[in-house]
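Numbered from 1 within each chain, the chains take letters A, B, ... in sequence-line order. Being a predicted model, the structure only gives us computed values, none of them experimental.
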Amino acid sequence: MDIYEEVMELAKRRGFLWPSFEIYGGTAGFYDYGPLGAALKRNIEHLWRRFYVIGEGFYEIETPIIGVEEIFRASGHLASFTDPIVECKSCKEFFRADHIGDRCPVCDGELGDVFEFNLMFKSFIGPGSKRAGYLRPETAQGIFVDFPRLLRFFREKIPFGIVQIGKAFRNEISPRQGLIRLREFTQAEAEIFVNPQEKTHPGFDLVKDEVLTLLPRGADEPTRWRLADAVREGIIAHELLAYHIHLTYRFLTAVGISEDRLRFRQHMLDEMAHYASDCWDAEVLLDRLGWIEVVGIADRTDYDLKAHQEASKVDLGVFMAYDKPKVIEKRKIKPKMEVIGPRFKQDAKRIVAALEAMDPDEVGDQEIVLELEGREVTITPDMFECVKVREEVSGERLIPHVIEPSFGIDRIFYAVLEHAFSEEEVEGERRVVLRLLPSIAPIQACVLPLLGARDELVKVARDVHRQLRRQGLIVEYDASGTIGRRYRRQDEIGTPFCITIDYETLEDDTVTVRFRDSMEQVRVAIDELGDWLHSELGL
RNA sequence: GCGCCGAUAGUGUAGCGGUUAUCACCGAGGCUUGCCAAGCCUCAAACCCGGGUUCGAAUCCCGGUCGGCGCACCA
């Protein structure tokens with residue numbers, strides 16, 4: 001068994017992960033999080049909130065999992081997720097069916113049947129199958145379409161950041177490798193709306209000397225880079241992206257990803273999504289699977305907001321005031337309404353709009369011929385004049401750029417398990433330990449009477465168990481089997497502390513606390529146990 | 001989607017056409033046990049699904065599902 005198998009076997013056996021719908025044969029690409037798995041995942045998500053909501057001051061929102069068709073038409077997902085695909089029968093190559101002829105362009109072989117390649121799950125909103133709805137393929141779009149409301153919430157000022165943690169769905173052709181490619185998965189995404197001219201971060205100064213392992217585009221080997229150098233050399237596009245790469249590094253290590261199995265790889269130009277100007281993946285090294293992307297940190301530019309602005313006809317710009325109003329002089333076409341109005345009546349409005357859109361320098365004082373819904377309309381020079389105007393401009397509208405760190409929580413979850421998994425030999429016996437960081441362990445401590453059949457020990461153990469739960473700790477109780485067996489059970493699920501009630505407890509009200517990783521023991525007074533655990537757990 | 005391989009208690013497995021499906025671990029209960037999976041007793045627990053061949057199928061054949069690997073896909 002390799003590590004992947006060991007981890008998955010343990011995860012299944014001990015209630016972290018189960019294949020979904022198992023009694024009906026299961027379905028590829030779906031996993032249930034069992035009692036311990038759900039707890040661990042929740043802890044990972046909470047820690048993520050600590051970094052992004054508390055640490056960065058971003059706000060979390062929650063938007064529907066089903067989106068209307070318009071969203072995904074605008075975002076580009078509809079077009080790029082629903083290609084008709086055809087496969088060559090002889091060389092097995094895939095092609096867009098609408099882009100080729102009757103024969104395979106590679107080997108001239110015969111083509112198979114055309115099928116829809118649809119990565120979005122489709123549904124219908126309301127009765128009658130009239131209105132299509134799609135399960136979102138990323139949580140981001142829900143944030144983008146809320147932009148006008150969000151901007152108002154932030155009192156018309158950028159930059160600001162919004163996060164969302166939630167399910168996203170992709171109907172993968174062939175999901176594989178456990179949690180690595182799921183059809184339903186959890187994303188934690190931050191969308192940071194910034195001024196395109198100011199891709200900086202006030203905290204960059206504090207991290208600029210930090211060193212990360214980067215694999216820039218075109219490099220064969222990862223190299224260590226000081227962040228400030230990477231930005232100065234143009235390896236990382238700008239400070240803001242560099243800051244978020246570092247923040248991602250801090251989060252991943254805080255959640256238990258081992259630092260020497262973590263790197264940041266820059267996307268190839270042809271690999272980058274259609275919207276991005278620069279993109280870095282956080283990759284973790286997994287035993288069987290190699291380097292796997294767990295986070296994408298992209299500069300999505302103004303792609304999404306622009307697309308939604310165009311599709312929805314709602315202005316998604318921000319008014320950016322200049323420090324000082326600018327005075328500009330320019331030539332302008334000024335329509336004479338007293339002539340145009342009576343002459344063109346209801347068409348006047350559209351004619352004026354067309355005139356004002358024209359370049360005064362090209363027009364001069366000639367006659368203008370406009371095309372209006374197929375008709376030609378002649379505008380004579382007496383209907384307008386070119387004037388020089390002085391305008392005071394106090395600012396401009398611009399569409400913000402979006403920086404997006406996007407976390408695949410399920411992949412991180414798996415990586416955390418695998419990086420925490422360890423086996424060692426203790427007195428000739430195999431000991432499996434899940435070295436989860438105490439702060440994210442699903443069970444924080446386990447209370448054990450040294451001997452499960454001694455009423456006087458059991459009674460105290462139950463009291464201690466109850467007391468700790470009252471103090472807000474997630475604590476288990478186990479009295480069955482020998483003490484060593486019970487320690488090992490907890491080791492395997494990553495419980496950092498075992499609390500043993502022994503005969504000394506009955507004399508002086510102290511307990512044995514046994515550490516998962518070192519198996520060392522200390523004595524702690526029952527009175528102080530709650531505080532002691534809180535501090536050891538980093539709560 | 002394609003190709004190759006696989007699927008037996010919770011986990012790991014034996015089985016190779018013929019009674020009641022092997023063993024170990026785990027689990028539950030009991031005895032024992034004064035700090036690291038000790039020992040003893042008892043119990044619970046499985047042939048992925050559907051068809052076919054056969055007197056008889058966990059076993060052979062076909063289809064499906066799930067899993068692994070390779071190809072493809074992964075905006």
Side-chain angles (χ1 to χ4, degrees), chain A residues 1-2 4-6 8-15 18-30 34 72 75-83 85-95 112-120 137-138 170-178 180-183 185 267 270-276 279 288-289 292-293 296 298 300 303 408 426-433 448-454 457 480-492 498-506 511-516 518-521 523:
Chain A
M1 275 214 273
D2 61 16
Y4 173 82
E5 264 175 290
E6 297 248 28
M8 288 306 277
E9 188 266 310
L10 168 63
K12 255 192 257 185
R13 193 162 38 79
R14 303 307 302 266
W18 296 314
S20 296
F21 325 120
E22 209 176 4
I23 64 167
Y24 291 111
T27 297
F30 297 94
F72 302 116
S75 69
H77 288 98
L78 203 58
S80 52
F81 269 47
T82 58
D83 298 334
I85 293 284
V86 69
E87 185 185 12
C88 170
K89 284 179 175 172
S90 50
C91 72
K92 306 290 183 203
E93 201 67 42
F94 284 87
F95 306 97
D113 293 334
V114 175
F115 61 95
E116 273 303 286
F117 172 66
N118 189 338
L119 235 49
M120 280 198 293
E138 59 176 5
R170 295 179 194 183
N171 204 356
E172 298 281 355
I173 295 173
S174 93
R176 289 266 175 93
Q177 299 162 327
I180 302 305
R181 262 174 83 198
L182 294 170
R183 291 190 164 122
F185 54 101
H267 275 210
D270 59 355
E271 170 188 17
M272 217 141 43
H274 51 274
Y275 48 72
C279 187
R288 182 200 287 189
L289 307 170
I292 293 288
E293 171 197 356
R300 291 179 78 132
Y303 178 89
V426 176
E427 291 166 21
E429 297 274 2
R430 186 174 106 110
R431 185 172 90 110
V432 172
V433 191
L448 318 162
L450 180 61
L451 297 173
R454 294 283 186 275
L457 294 176
S480 98
T482 62
I483 189 72
R485 176 188 301 251
R486 284 176 277 157
Y487 284 150
R488 297 301 171 85
R489 264 205 282 263
Q490 296 302 321
D491 289 342
E492 205 180 41
C498 283
I499 293 151
T500 305
I501 309 304
D502 49 31
Y503 286 97
E504 210 176 321
T505 308
L506 303 181
V511 296
T512 299
V513 177
R514 179 261 193 187
F515 293 84
R516 174 195 68 197
S518 62
M519 302 195 293
E520 279 164 12
Q521 306 188 340
R523 292 205 77 81

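If you check A28(B), G1(B), C74(B) against the side chain of S480(A), the one that comes closest is A28(B). The nucleotide whose nearest atom lies closest to any side-chain atom of S174(A) is, among A37(B), U33(B), G1(B), G1(B). If you check C69(B), G1(B), A37(B) against the side chain of R288(A), the one that comes closest is C69(B). Distance from the side chain of E492(A) is smallest for A37(B) among the nucleotides A37(B), C36(B), C73(B). Side-chain proximity of R485(A) to G1(B), G67(B), C26(B): nearest is C26(B). Side-chain proximity of R170(A) to the nucleotides A75(B), C36(B), C73(B) is greatest for A75(B). Distance from the side chain of I173(A) is smallest for C73(B) among the nucleotides C73(B), C36(B), C66(B).
For R13(A) and R514(A), each mapped to the nucleotide of RNA chain B holding its nearest heavy atom, the one lying further toward the 5' end belongs to R13(A). The 5' end of RNA chain B is approached more closely, in terms of each residue's nearest nucleotide, by E22(A) than by the other of E172(A) and E22(A).
Atom name C1', nucleotides U42(B) and G52(B): the rounded distance is 44 Å, in whole Å. For the P atoms, the distance linking C43(B) with C66(B) amounts to 39 Å, nearest Å. C5(B) and C74(B): their C1' atoms are spaced 24 Å apart (whole Å). If you take atom C1' in U65(B) and the same atom in C31(B), they sit 47 Å apart, rounded to whole Å. Using C1' as the reference atom, C40(B) and C4(B) are 49 Å apart when rounded to the nearest Å. A58(B) and C25(B) have their P atoms separated by 28 Å, given to the nearest Å. Taking the P atom of each, G3(B) and G10(B) are spaced 32 Å apart, rounded to whole Å. Comparing the P positions of C60(B) and A7(B) gives an interatomic distance of 9 Å, to the nearest angstrom.
Salt bridge status for R13(A) with E492(A): present, with a side-chain N to carboxylate O gap under 4.0 Å.
Atoms NE2 (H77(A)) and C1' (C74(B)) sit 13 Å apart, rounded to a whole Å. Between I180(A) atom CD1 and C73(B) atom C1' there is a gap of 17 Å when expressed in whole angstrom units. When rounded to the nearest whole Å, the span between CD1 of I23(A) and C1' of C66(B) equals 15 Å. We find that CE of M519(A) is positioned 12 Å from C1' of A37(B), with the value rounded to whole Å. To the nearest angstrom, C1' of G10(B) lies 11 Å from CZ of R14(A). Atom OH of Y487(A) is separated from atom C1' of A38(B) by 16 Å (rounded to the nearest Å). For the pair D270(A) CG and C74(B) P, the computed distance is 12 Å after rounding to whole Å. Between the CZ atom of R454(A) and the P atom of U33(B) there is a distance of 6 Å, given to the nearest Å.
Taking the side chain as every heavy atom from C-beta outward, R454(A) and L506(A) never approach each other to under 4.5 Å.
Counting non-hydrogen atoms under 4.0 angstrom, F515(A) reaches nothing in the nucleic acid. Note on G178(A): only backbone sugar-phosphate atoms sit closer than 4.0 angstrom, heavy atoms only; bases stay farther off. Nucleic acid contact for R430(A): base, since at least one base atom lies under 4.0 Å from a heavy atom of the residue. At the heavy-atom level, G76(A) lies nowhere under 4.0 Å from the strands shown.
With a cut-off of 3.5 Å on both Watson-Crick or G-U wobble distances, the partner of G50(B) is given as C62(B). Pairing for G34(B) is absent, judged as Watson-Crick or G-U wobble with the two contacts each under 3.5 Å. With a cut-off of 3.5 Å on both pairing distances, the Watson-Crick or G-U wobble partner of C71(B) is G1(B). In this structure, A45(B) makes no Watson-Crick or G-U wobble pair, since no nucleotide meets both defining distances under 3.5 angstrom.
Judged by distance alone, the side chain of R170(A) and the main-chain N or O of P137(A) form a donor-acceptor pair under 3.5 Å. Looking only at distances, a side-chain donor or acceptor of R486(A) sits under 3.5 Å from a matching main-chain atom of L450(A). In this structure a side-chain-to-backbone donor-acceptor pair under 3.5 Å is present from R183(A) to A28(A).
In terms of phosphate contacts, T482(A) brings a side-chain nitrogen or oxygen within less than 4.0 Å of OP1 or OP2 of A38(B). Contact between the side-chain N/O atoms of Y24(A) and the OP1/OP2 oxygens of C66(B) is not found at any separation under 4.0 Å.
Closest approach of A298(A) to C279(A), counting heavy atoms only: CB-SG, 3.9 Å. Heavy-atom minimum distance, K12(A) versus W18(A): O-NE1, 3.0 Å.
Among the candidates L457(A), T505(A), I483(A), the single residue satisfying the side-chain contact (heavy atoms from CB on, under 4.5 Å) test with T500(A) is I483(A).
If you check distances only, the side chain of R431(A) never reaches the base of C36(B) with a donor-acceptor pair under 3.5 Å. One donor-acceptor pair, N or O on each side, does fall under 3.5 Å between the base of A75(B) and the side chain of E138(A). With hydrogens and angles left out, the side chain of R176(A) and the base of G70(B) share a donor-acceptor pair within 3.5 Å.
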